[in-house]
There are 2 protein chains.
Amino acid sequence: MATKRELFPLVVVDVAVFTIEQDQLRALLVQRALEPEAKRWALPGGVLKPDIDDSLQAAARRVLRTKVSVDLPHVEEVCTFSGPTRDPRGWSVAVLFYALLPRDKVHALVRSKVEALKWADPTHPISGLAFDHGLQLRSALHAVQSKVEAQTLPLHLLPEKFTLTELQRTCEAILGRPLDKGAFRRRLKNSQELIATDDFVRGAQRPAQLYKASDTFTF
Amino acid sequence: MATKRELFPLVVVDVAVFTIEQDQLRALLVQRALEPEAKRWALPGGVLKPDIDDSLQAAARRVLRTKVSVDLPHVEEVCTFSGPTRDPRGWSVAVLFYALLPRDKVHALVRSKVEALKWADPTHPISGLAFDHGLQLRSALHAVQSKVEAQTLPLHLLPEKFTLTELQRTCEAILGRPLDKGAFRRRLKNSQELIATDDFVRGAQRPAQLYKASDTFTF
DNA sequence: AGAATAGTGTCTGTCAGACAGTATCGC
DNA sequence: GCGATACTGTCTGACAGACACTATTCT
């Protein structure tokens, strides 16, 4: 006798939220409050609600608003994970997204409907996550790394204005390897992606010029 | 009053099948036999069947077996299309894949459960396709072009053994621009992706050496 | 021989990595 | 002045595009 589950798969969205803390790349994990997989750490995710979501991407943004009270405009699809056994509730499709949280908004997150939040280091595998979220996190990391490797600037991880050194540290944190300062700055000068502002950061040494994204920039 | 459709989205897979005909890139279209959008041209696609599919990718391969009687081992996910209005049946998720059909197997296709088949030129937009398949086809084309632009060889479009000139013509058809012969061949010599065979093509002029994919090659 | 296609060699511009050098701050 | 960080200039090697050149076949 066929149940509804055998005719209609469960559709969920999961989101890997990345940020930068102390020049290190971090990924957001939430501790699940409800079954299945209650109490286990997982990527924030939720079941698609066709009655209130206008698209899968909108569902991903709703999940972030609901679980950590943050609205991130830039949410990108990575790929899907599917099959009869990845979720104990039955045949499921998980659509994975990633989002970048600006470094200066890390402490704006508020947990809601989850037991706890934490930031983990995604650059080496994390075991024990719920469902196939360990695999999903690796896929999301790879997607972000490919994007930066392909010369895209991860400006959404930075405040509105930032120094070139901060941007370089951010790229290095994502890629997991050092970049040459001269080559990095030369590339940015030649591209039209950044606009130099008149502001400078006055710290303990020589002031650094602040830059911002050009109007034409899109991640 | 909520219907089932408002709680469970329809999940479908669509596949853009590419091949090479007379040194031109072609995409497979099928004429739909059933409502909705009966009689209109579309990408081959079908509803996910959780009771017989082990994954979305397996569903995509099943669709190709069912509709055009071909089993293609290399089916890659592109992205998803979703929303309440893209399919008249209600809120739907379409997962788009692309597949490459070897040039020498173009005539192995047999229509089944569709009115007709045809090969279209995907390099300029095709209007009038069912659902959002015009948009999907553009996305799939872009995915294949990006892959080849990123130095991946589209060997699945060629017979098992092929000449370097044939490979170059194939890449040119996908990218829509000419490639330099010297640079193209130099790159292949330096990479370890191809193996030279002892066979030659004897045609109307100087024989050309045949190559095959190296064992380590993966698309 | 001539046409046609296969295949090679060479020049050059571009660009990234390496790294040394200069500039400007706080102390 | 000195340390620290910001920023620039230059050398070099890798590589892609351009293109001319040679090689081998058929007619």
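Letters A, B, ... are given to chains in the order of the sequence lines, protein chains preceding strands, and every chain is numbered from 1.
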Could you state the atom-to-atom distance from CG of A:L164 to P of D:dT5 in whole Å? 16 Å
In B:V75, B:V78, B:L137, the residue satisfying side chain to side chain contact (heavy atoms under 4.5 Å, CB included) with B:Y98 is B:V78
Would you check if there is a donor-acceptor pair between the side chains of B:S214 and B:T216 at a distance under 3.5 Å? yes
Give one of base, sugar-phosphate or nothing for B:Q168, where a contact means two heavy atoms less than 4.0 Å apart. nothing
May I have the distance from A:F162 (atom CZ) to D:dA6 (atom P), rounded to whole angstrom? 15 Å
Taking 5' to 3' order, which nucleotide of DNA chain C is first and which is last to have an atom within less than 4.0 Å of a heavy atom in chain B? C:dA4 to C:dT10
Could you state the atom-to-atom distance from CG of A:L167 to C1' of D:dA6 in whole Å? 15 Å
Round to the nearest Å and state the distance from A:R169 atom CZ to D:dA6 atom C1'. 11 Å
Would you say the rings of A:F219 and A:H74 are close, in the sense that their centroids are separated by under 6.0 Å? no
Would you state whether a donor and an acceptor, one from the side chain of A:R206 and one from the base of D:dA4, lie under 3.5 Å apart? no
Decide yes or no for A:L43 and A:L129: does some side-chain heavy atom of the first lie under 4.5 Å from some side-chain heavy atom of the second? no
Separation of atom CD in B:E172 from atom P in D:dG17, rounded to whole Å: 11 Å
Can you establish whether the number of heavy atoms outside B:K147 located under 6.0 Å from its atom NZ is more than 12? yes
Testing D:dA16, D:dT8, D:dC19 for proximity to the side chain of B:D180, the answer is D:dC19
Whole-Å gap separating P (D:dA18) and CZ (B:R177): 10 Å
DNA chain C: 5'-proximal contact among A:P207 and A:N190 (nearest heavy atom): A:N190
Counting only side-chain nitrogens and oxygens, does A:Q209 get under 4.0 Å of the OP1 or OP2 atom of D:dT5? no
Electrostatic pair A:E166:A:R169 at N-O distance under 4.0 angstrom: no
Around atom CD of B:E160, are there more than 12 heavy atoms from other residues, nucleotides or ligands closer than 6.0 Å? no
With side chain to side chain donor-acceptor pair (under 3.5 Å) as the rule and sequence neighbours excluded, what pairs involving residues 191-205 of chain B come up? B:K161-B:D199, B:S191-B:E193
NA contact type, A:T165, heavy-atom cut-off 4.0 Å: base, sugar-phosphate, or nothing? sugar-phosphate
Assert: residue with more 5' nearest nucleotide on DNA chain C, out of A:G182 and A:Q205, is A:G182
Considering every strand and a 4.0 Å limit on heavy-atom distances, what is the contact class for A:Q151: base, sugar-phosphate, or nothing? sugar-phosphate
In whole angstrom, what separates B:K189's NZ from D:dC15's C1'? 18 Å
In whole angstroms, how far is the P atom of D:dA20 from the NZ atom of B:K181? 12 Å
With sugar-phosphate meaning primed atoms plus P, OP1 and OP2, does B:R202 contact a base, only sugar-phosphate, or nothing at under 4.0 Å between heavy atoms? sugar-phosphate
Under-3.5 Å donor-acceptor pair between B:R186 side chain and D:dG17 base: yes
